Amino acid sequence: MCGIVGFTGKLQAGPILLDGLSKLEYRGYDSAGVAVRDGSEDPVVVKAKGRLSVLSAKIDGGTAIPGTCGIGHTRWATHGEPTEQNAHPHVSEDFLVVGVHNGIIENYQELKEKLIGNGYTFYSETDTEVAVKLIDYYYKKYKVGPIDALAKTMVRVRGSYALAVMFRDYPGEIYAARKDSPLILGVSEEGCFLASDVPAILKYTRNVCYIDNLEMARLTADKFEVYDLNGDVVRKPVKEITWDAEAAEKGGFRHFMLKEIHEQPHAVEATVNSAVKPAAQAEGLEAAPEKVRENADELLEIDLSACGLTEEIVKTVSSIWMIACGSAYHVGLAASYVIEDLAQIPVRCELASEFRYRKLMPGPETMAVIISQSGETADTLAALRKAKSLGIRTLAIVNVVGSSIAREADHVFYTLAGPEIAVATTKAYSAQLAACDILAMYFAKVRGTIGAERLQELLQEIRKVPGKIEKVLEDKERIQWFASKFAHMNDAFLIGRGLDSAVCMEGSLKIKEISYIHSEAYAAGELKHGTISLVEPGTLAIGVATQPAIYEKTLSNMVELKSRGAYLMGLTVYGHYAMEDTAAFTVYVPKTDPLFTANLAVIPLQLLGYYLAVNRGEDVDKPRNLAKSVTVE
Ligand code: F6R
């Protein structure tokens, strides 16, 4: 968690740091700070509790602190409350070292005691101040320069970190170090940049380089160098970011979340098109019989060559573990129904935070599917590493290119959702679900559990999903109206069976995390085993019933709630009009294959969460206590 930015070059650093931090505020927003140096002067450090705007007002948008070299930080508190004192940057006593940090130093207490024994004193409760003073200690003790002092610190600390540091003796230079927290470097004619994430520097450069674990960097006005722990220079490729900078801006929408909800047709379409192609384009079809090639325009194929998941590999897999956190875990839950149905392969879903400490016995042919938008979630990354240590094959479904999970997994299926800024995920969720659907179809095809005709039918249908999401979005005013009626409520219950229960889990999270209305998702048949006692006259209950085989069953469970006074909202597929006899308010989604209804049914629930939060005046894009990328355990 937390966002860090650094710049050294020809321009004033203050405004660049604030601009970069504003793009990283999704990573944490309880306090912020910058340190800017003017030539060889000591850095000026300014910090503020609260949103970035408070800091910006204090330093006139960055112009009040002259200097062309600086570092900045936006914080999501871990060690120590969100106060100005605990905000970064942190400094050593004589300003010899000034630093910002993202991550957690696990052995900071032990290190703090060691430093106290060596005469150091501490003004904050943070682990970062300990890290900064440890660097100061090694720098003074060994007198071997910044890279060596950093390397010695890295060997001594346990935990995760992305560190950006300035040394008083090295004006115009920034030093960085990384382990398990993201950090990228950028270069342009104006100078060099570092940041926790690409959007922070996209306005200034598209040429970036990813620092790997246990690597360090030195940035000067015209270049950067990366070093390994021995202090040897590591050659790094500079990659060009191809996204549109607009993609990381609000583009006329009131909130990023609403913009991203509307980007879902495109996110799903791009992800589907990356793997579902007209047969002629798919690898290997050059050798297909002429008749097949003649019809190639109508035929579709799955092409997963980009992630290296060959048919031979798939044939060896006999069970799947889906591992993720939060909404990505809900994708795994939904996908488990689709994969088991189509590919007839056992799927187990695990929360990454549980998986990493659980004793599990994979079969030799178990494959772990790791799902993550950011590719940096600490628990998910640890779970990936655990899966690898168990010797099983790993496939990551990831949105952020070059992220840690993407780099460490055996195979990567990139979702093409583009940058997601709102803390509550929407378009990444939808793109992940589409990727899982494709995976399910691919496994089914290779394992021979569905025939060629059914495969074509499903492939044609998945390509229609983006258009159908568009249709659901056209109905958003009804949801907006409904949300305005229910914005005052305290509780909501969502019920559904099978695939619908997974949709309920995600819908419930969307409602509670941004509107702060308590909501719970239940398998429809389970509510009567206890939780139904919470239902009172007027309680909102949302029944999701899109699966024809179990539609009637869910309806019966909805009736049970209605007879206890619940106000019912129904969510089903066009054609199931009997829902209106039971529910007071019904939302329909277009017909699709029942296995793909989750991709549509989630949209009204995202909209409901969004409009409830707007009606209650909550900060939709930055809900309290949360951060976009959870890089701590
Ligand atoms: C909720 C949400 C989170 C994330 C979770 C995993 O709206 O966004 O629950 O899904 O923190 O994050 P990633 O996908 O980055 O690993």
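Bear in mind the structure is a predicted one, so any value in this text is a computation, not a measurement. Order of appearance sets the numbers: ligands from 1, and atoms from 1 within every ligand. Residue numbers run from 1 in the order of the sequence given.
- With sequence neighbours left out, Asp410 forms a side chain to side chain donor-acceptor pair (under 3.5 Å) with Thr394.
- Within the structure, ring-ring contact (aromatic ring centres under 6.0 Å, His included) contacts touching residues 486-506 (residues at least two apart or in different chains) are Phe482-Phe486, Phe486-Tyr567.
- Between Trp321 and Phe355, the ring planes lie perpendicular to each other; the angle is over 60°, past the 30° to 60° tilted range.
- With respect to Asp379, the salt bridge (charged side-chain N to carboxylate O under 4.0 Å, His left out) criterion is satisfied by exactly one of Lys386, Arg385, Arg356: Arg356.
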What pairs of donor and acceptor atoms, side-chain ones from residues 471-479 against any protein atom, are under 3.5 angstrom apart with sequence neighbours left out?
from	atom 1	to	atom 2	distance (Å)
Lys476	NZ	His262	NE2	3.0
Arg478	NH1	Thr586	O	3.0
Arg478	NH2	Thr586	O	3.1

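- Protein neighbours of ligand 1 below 4.0 Å, counting non-hydrogen atoms: Cys325, Gly326, Ser327, Ala328, Ser372, Gln373, Ser374, Thr377, Val423, Ala424, Thr425, Leu509, Lys510, Glu513.
- Side-chain contact between Met367 and Val369 is present, with at least one heavy-atom pair separated by less than 4.5 Å.
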